[in-house]
**Student:** 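This is the structure, below, for whatever I ask next.
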Amino acid sequence: MSLKLPNNEEFHNKIESWRTIDDTLQELDKDYLDERNLLLKIHEESKAKLGIEHAKGNEYRYDLMFGLRMYENLRISPRIAADNKHWIHRSVYVVPDIVFWRWGPNAHERYYKVPARIWLKTLWWYIHLSWQGNANDTFRVLEMNSTDTIVQLVERSGTHGYRLKLCRVLMRQYYEYCKNNGKSDADFFRRLMKLNTARLAAIEPALCEGEEEGYVAKLFAALEGRS
Amino acid sequence: MSMNITPYPVLSEELLKKIGLQVVDYEFEYDSGNQTRKLATKPLLGQEHITTKLHLSDDTGFWEPEHHNLRFRRMIVVSNSHHLFGKDGIAPKNAEIGIAVKWMSRPSKQRGVFVGNSVSFDGGKKEFFIQGELPAGILRDHFVLSTILYLKTRGTLQDGENHLANEPGMELGSLDSITFYLTGEGSHFPIFTTSDDGPLWRVECDWNDPRSELFDENTFKIVLNEDHPDYNLVYSPDGRTITPLMREICLSAVQILIENVIEQVKVEELRSESDYDKGSLCDVVRYFIDTFDLDTRRKELLAYSLRNSMLQQGG
């Protein structure tokens, strides 16, 4: 089904007018009620499992739990997930109340305004780029991270898109680094992603010795002063 | 031919001539059930002179990136590979150079690489075969295939070779880079499938302004019903010829498209080519009307002239 979306001015006015969660429910897309019910169920179950009523103070824990289950249950292809229109539609007309619950009023960039920051989209890609073959292993690899990890990974797509295998190897090796150190290290992850971006200008990880595994191991070695 | 500015030498035009490079066009195909179907590449309408931008099209109109894979293969011949090595080349004399095809698609937010054969100093004339496959549900809008050389195995640096790349994985230059478009102009028909109790096919038209909205799967699509008992008559057994049924479905769909557009925008306005965007529904309908010399005065005349024109053209 094709999606027709209004222009940014209309979106702006609509979201400006939302002061409470109930305000967001006035223009739901009735063709997507099944999907809405599915996502609402995931939302409620995630809150219950974490024992929270509000997002504040639990942002990453909620994002990870909701995002992982959304990724598993929505069953959309990367091709569809690359289309901003689908995420804008989902954010504004399918589950605007969940986005509002997470981000509060006037969070324009989380609905439509900044493609890289549309919240539902960033969650889907965070999980997809970190996927370790099943939900349990993916959860374990991501559990120690923070919302900054989501930003650092998802917003560094590069000019021509993500290298999927590289991202997945990188997230797994970062988890092993955190496990060995007993904690996550947002500053280290930022430096890791910066060094990766710099090296990708001349090196194709899949063509290196040891392919992506070997390439990522060298990134860690360089940052840890082992090379 | 070089990529970024690198601190080491990469392929130059001069070196490309020396090595006697021959590249063969990419071949594309996809799987449909237990059949393999070919895809054709065609120049973009109005850009026939450009060979680095091509439209990837399926003459049967069946291929959908959401539901079908895409396989490619290509042959490359390097006649004098020894020029690539040593102090005047791009890699140490006893290193190994590999060939690979990078695929990149910004609209799909993904990229990757397919690895081919490799060549060494004493390899002589070498034919490289390289192939790759992308699964369904990845590609969107357009993608780029770039054939590159890279350092596969490092060499032992000899005198005069200190300036050469010697780290495996380093890119040594691009042989060519071609963008393939999946939607837009060309003979592409947005054909989708469904499975329900309904009729064999239907057309979905969904636009507000045909002057500005593009002719693509969002505005116009043919939907075939795989559960209909006559569905197996839609495609030929070898998948390479258009069946009379498929031709009639497509012609009827085009007729509906034209009728709907000229209800909103008069034919005279379409022919003036003044007030609509390139690639828009108006642009495509104007192309159909002019190219096939269609009689749009009445619906029955349009139906006749459309089919007659196809008949004259052997379609």
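Here is the naming used below: chain letters follow the sequence lines, and residue numbers restart at 1 for every chain.
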**Student:** Hey, is CZ on A/Arg190 packed in by over 12 heavy atoms from elsewhere, all under 6.0 Å?
**Tutor:**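 Enclosed: over 12 neighbouring heavy atoms sit under 6.0 Å from CZ of A/Arg190.
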**Student:** What is the distance from atom OH of A/Tyr162 to atom CZ of B/Arg111, rounded to the nearest 0.5 Å?
**Tutor:**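 Here the interatomic distance stands at 13.0 Å.
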**Student:** Would you compute the distance between atom SG of A/Cys208 and atom CD of B/Glu167 and round it to the nearest 0.5 angstrom?
**Tutor:**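 One finds 7.0 Å between SG of A/Cys208 and CD of B/Glu167.
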**Student:** Does B/Asp197 CG have over 12 foreign heavy atoms under 6.0 Å away?
**Tutor:**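 No, the 6.0 Å shell around CG holds no more than 12 heavy atoms from other groups.
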**Student:** So, using side-chain contact (heavy atoms from CB on, under 4.5 Å) as the criterion, who are the partners of B/Phe114 when residues are at least two apart?
**Tutor:**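 Only B/Phe72, B/Trp103, B/Leu134 meet the side-chain contact (heavy atoms from CB on, under 4.5 Å) criterion with B/Phe114.
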**Student:** Is the number of heavy atoms from other residues, nucleotides or ligands within 6.0 Å of NZ (A/Lys113) greater than 12?
**Tutor:**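 No, not enclosed.
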**Student:** Does B/Lys152 form a salt bridge (charged side-chain N to carboxylate O under 4.0 Å, His left out) with A/Glu209? I'd like the steps, not just the answer.
**Tutor:** CA-CA 8 Å; B/Lys152 185 172 184 185; A/Glu209 279 176 327; over 6 Å; no
**Student:** Rounded to the nearest 0.5 Å, what separates atom CD1 in A/Ile80 from atom CD in B/Glu66?
**Tutor:**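 CD of B/Glu66 is found 4.0 Å from CD1 of A/Ile80.
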**Student:** So which atom in A/Ala82 and which in B/Arg140 form the shortest heavy-atom distance, rounded to 0.1 Å?
**Tutor:**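 Closest heavy-atom pair between A/Ala82 and B/Arg140: O-NH1, 3.5 Å.
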**Student:** Measure from the side-chain N and O atoms of A/Arg79 to the backbone N and O of B/Leu139, and report whether any donor-acceptor pair falls under 3.5 Å.
**Tutor:**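 Side chain of A/Arg79 to backbone of B/Leu139, a donor-acceptor pair under 3.5 Å: yes, one is there.
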**Student:** Nearest 0.5 Å please: distance from the CD1 atom of B/Ile148 over to the CG atom of A/Leu207.
**Tutor:**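 Output value for this atom pair is 5.5 Å.
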**Student:** Quick one: what part of B/Pro135 sits under 4.5 Å from any heavy atom of chain A, side chain, backbone, both or neither?
**Tutor:**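 Contact with chain A involves no heavy atom of B/Pro135 at all.
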**Student:** Report the residues that fulfil side-chain contact (heavy atoms from CB on, under 4.5 Å) with A/Ala217, sequence neighbours left out, ordered by chain and then residue number.
**Tutor:**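 side-chain contact (heavy atoms from CB on, under 4.5 Å) check on A/Ala217 returns A/Gln173.
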**Student:** Quick one: closest heavy-atom pair of A/Pro78 and B/Gly137, and the distance?
**Tutor:**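 Nearest pair, atom of A/Pro78 first, then B/Gly137: CD-O, 3.2 Å.
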**Student:** Taking atom CD of A/Glu9 as the centre, report whether more than 12 heavy atoms of other residues, nucleotides or ligands fall under 6.0 Å from it.
**Tutor:**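 Result for CD/A/Glu9: open.
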**Student:** For the candidates B/Arg106, B/Lys109, B/Met104, which exhibits the highest count of non-hydrogen atom pairs separated by less than 4.5 Å from chain A?
**Tutor:**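 Ranked by heavy-atom pairs under 4.5 Å with chain A, first place is B/Lys109.
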